[in-house]
Engineer: 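The structure is given below, and queries will be raised subsequently.
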2 protein chains.
Amino acid sequence: MGDDTSLNPRHNKAEVFARLRDAHAREVTEDYVEMIGDLIAEEGEARSVALAERFGVTAATVNNTIKRLERDGYVTSRPYRSIFLTEKGETLAKKCRERHRIVYNFLVSIGVDPAVAEFDAEGIEHHVSEETLRVFDSRLK
Amino acid sequence: MGDDTSLNPRHNKAEVFARLRDAHAREVTEDYVEMIGDLIAEEGEARSVALAERFGVTAATVNNTIKRLERDGYVTSRPYRSIFLTEKGETLAKKCRERHRIVYNFLVSIGVDPAVAEFDAEGIEHHVSEETLRVFDSRLK
DNA sequence: ATAGCAATTTAGCCTTGACTAACTTTAAAA
DNA sequence: TTTTAAAGTTAGTCAAGGCTAAATTGCTAT
């Protein structure tokens, strides 16, 4: 606040878009830790090949992404071995899973077809603030 | 359908993520045509400097994006002059503005603070399917 | 024990969308 | 009319997130 653009609220959109760009930067990370968590729960371990199949990307792309997640402290991995979540990754995965659940259930509760809700929730979940999430959740009670 | 992954619905997520990636590719385009439309409506013309200020990016970034929008047929522009929407751009802008309005009004209607709703709508609008949008809209009646 | 296949990694390429720095054009003030 | 500031453009860089092709590793069945 205090800059010239804040005088007119109609023109003060830059912050909104800056936060939007931040959200984008986090999306792939969130989707990966969530999926790695799912794979460990469902299949006992998270392998590159399973991530590639579920995201619909190549193994090379998965490899790149896992390196970045490792660099950023969300996962650990050793060459030719499966992938593990760190504490940090585990925490994020849990938060994302819960958020996904709330968004999905909310959409279904207002009458969206479950298949469509699954689709939309995957995109929407990354852009729902804590406050909006609480409103969604309160509507499920 | 018909591929091996479709046998187990839990594992058939690739299509969801492919559509999510498509949505991302369209987001910047949608935000720009919407903003260009707003600027023309509010100020009579859309200049690079105004786009840069409202999105919170540099003039160089705006320039790059406008070139891409021009390549893709959404806008026309001549060097050192203001930017115009084509028919195609106009149509998209109108659709986006309407979608934004519905998402925003829906969030406010369920109790989200207007400032938060403005924030969240900017991210959510790109990930709401036609069907979910209709459900949102029907709830506003 | 090893041959061969599946999984993983590496290398190199592309586009998008961001940046800075330097340059050019336009338009307004002196 | 000239100077100068604002606006726009260009060039070069970077990271993310895709891809293909080729090399390497690990596992399994013979």
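In the text below, chain A, chain B and the rest are named by the order of the sequence lines, each starting its count at 1.
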Engineer: The side chain of A:Tyr80 lies closest to which of these nucleotides: D:dA7, D:dG26, C:dT20?
Structural biologist: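 Per side-chain heavy atoms of A:Tyr80, the pick is D:dG26.
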Engineer: Check every atom of C:dT10, D:dT10, C:dA7 against the side chain of A:Arg47 and return the nucleotide holding the closest atom.
Structural biologist: C:dA7
Engineer: So, are A:Asp38 and A:Arg97 salt-bridged, with charged N and O less than 4.0 Å apart?
Structural biologist: yes
Engineer: In whole angstroms, how far is the P atom of D:dA16 from the CG atom of A:Leu69?
Structural biologist: 11 Å
Engineer: Indicate the ring-plane relationship of B:Phe106 and B:Phe136, choosing parallel, tilted or perpendicular according to the 30° and 60° boundaries.
Structural biologist: parallel
Engineer: Which residue lies toward the 5' end of DNA chain C, B:Ala59 or A:Ala59, if each is placed at its nearest nucleotide?
Structural biologist: A:Ala59
Engineer: In whole Å, I'd like the distance from the CZ atom of A:Arg71 to the P atom of D:dA16.
Structural biologist: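 The distance from CZ of A:Arg71 to P of D:dA16 comes to 4 Å, rounded to the nearest Å.
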Engineer: What nucleotide, of D:dA7, D:dT24, D:dC19, holds the atom closest to the side chain of A:Val57?
Structural biologist: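 Nearest to the side-chain atoms of A:Val57, counting from C-beta on, is D:dC19.
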Engineer: To the nearest Å, how far apart are B:Ile83 CD1 and D:dG8 P?
Structural biologist: 7 Å
Engineer: Which part of the nucleic acid, if any, lies within contact of A:Arg26, taking any heavy atom under 4.0 Å across all strands shown: a base, the sugar-phosphate backbone alone, or nothing?
Structural biologist: nothing
Engineer: Give the C-alpha distance, both sets of side-chain angles, the deciding distance and a yes or no for salt bridge (charged side-chain N to carboxylate O under 4.0 Å, His left out) between B:Glu98 and B:Lys95.
Structural biologist: CA-CA 5 Å; B:Glu98 177 64 1; B:Lys95 197 186 109 190; over 6 Å; no
Engineer: Of the candidate nucleotides D:dG8, C:dT8, C:dT20, which contains the atom at the shortest distance from the side chain of B:Ala60?
Structural biologist: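 From the listed options, C:dT20 comes nearest.
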Engineer: Assign B:Thr61 to base, sugar-phosphate, or nothing according to its heavy-atom contacts below 4.0 angstrom with the strands shown.
Structural biologist: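 B:Thr61: base contact, heavy atoms under 4.0 Å.
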Engineer: Look at all strands and tell whether B:Thr58 reaches a base, only sugar-phosphate, or nothing, counting heavy atoms closer than 4.0 Å.
Structural biologist: base
Engineer: The criterion is ring-ring contact (aromatic ring centres under 6.0 Å, His included); which residues satisfy it with B:Phe55, sequence neighbours excluded?
Structural biologist: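 Testing B:Phe55 for ring-ring contact (aromatic ring centres under 6.0 Å, His included), a comparison that skips the adjacent residues, returns A:Phe17, B:Tyr32.
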Engineer: Take atom CD1 of A:Ile66 and atom P of D:dA16, then tell me their distance rounded to the nearest Å.
Structural biologist: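 Computing the A:Ile66:CD1 to D:dA16:P distance gives 14 Å.
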Engineer: Roughly, in whole Å, what's the span from CZ in B:Arg78 to P in D:dA7?
Structural biologist: 19 Å
Engineer: Which residues in residues 15-23 of chain B have at least one heavy atom lying under 4.0 Å from any atom of DNA chain D?
Structural biologist: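 Contacts with DNA chain D under 4.0 Å: B:Arg21.
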Engineer: Less than 4.0 Å between a side-chain N and a carboxylate O, is that true for A:Arg101 and A:Glu118?
Structural biologist: no
Engineer: For residues A:Glu70 and A:Thr76, is any side-chain donor paired with an opposing acceptor at under 3.5 Å?
Structural biologist: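 Per modelled atom types, A:Glu70 and A:Thr76 side chains form no pair under 3.5 Å.
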Engineer: Is the shortest side-chain N to carboxylate O distance from B:Glu42 to B:Arg54 below 4.0 Å?
Structural biologist: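 Looking at B:Glu42 and B:Arg54, the cut-off is met.
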Engineer: Rounded to the nearest angstrom, tell me the gap between atom CG in A:Asn64 and atom P in D:dT20.
Structural biologist: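 Taking atom P of D:dT20 as the reference, CG of A:Asn64 is at 13 Å.
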Engineer: Choosing from D:dG18, D:dT10, D:dT9, which nucleotide comes nearest the side chain of B:Lys67?
Structural biologist: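 So the side chain of B:Lys67 is nearest to D:dT10.
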Engineer: Determine whether B:Glu125 and B:Glu34 make a side-chain contact, defined as any pair of heavy atoms from C-beta on separated by less than 4.5 Å.
Structural biologist: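 Result yes, sub-4.5 Å side-chain heavy-atom pair found.
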Engineer: Using heavy-atom distances to pick each residue's nearest nucleotide on DNA chain D, tell me which of B:Ala50 and A:Gly56 is more 5'.
Structural biologist: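 By nearest-heavy-atom nucleotide position, the 5'-most residue is B:Ala50.
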Engineer: Could you check how far CZ of B:Arg81 sits from P of D:dT9, rounded to whole Å?
Structural biologist: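 Checked: the CZ to P distance equals 10 Å.
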Engineer: So A:Ile110 and A:Arg139, do their side chains get closer than 4.5 Å, heavy atoms only?
Structural biologist: no
Engineer: Where along residues 32-39 of chain A does a heavy atom fall under 4.0 Å from DNA chain C?
Structural biologist: none
Engineer: Nearest whole Å is fine: how far is C:dT8 C1' from A:Leu51 CG?
Structural biologist: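 Interatomic distance, CG of A:Leu51 to C1' of C:dT8: 13 Å.
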Engineer: For A:Val62, report the nucleic acid contact type (base, sugar-phosphate, nothing); a contact means any heavy atom under 4.0 Å.
Structural biologist: nothing
Engineer: A:Asn63 side chain: which of C:dA18, D:dT9, C:dT9 is closest?
Structural biologist: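 The closest nucleotide is C:dT9.
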Engineer: Applying the side chain to side chain donor-acceptor pair (under 3.5 Å) test to A:His126, which of A:Glu27, A:Glu30, A:Arg26 qualifies?
Structural biologist: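 Of the listed options, the one satisfying the test is A:Glu30.
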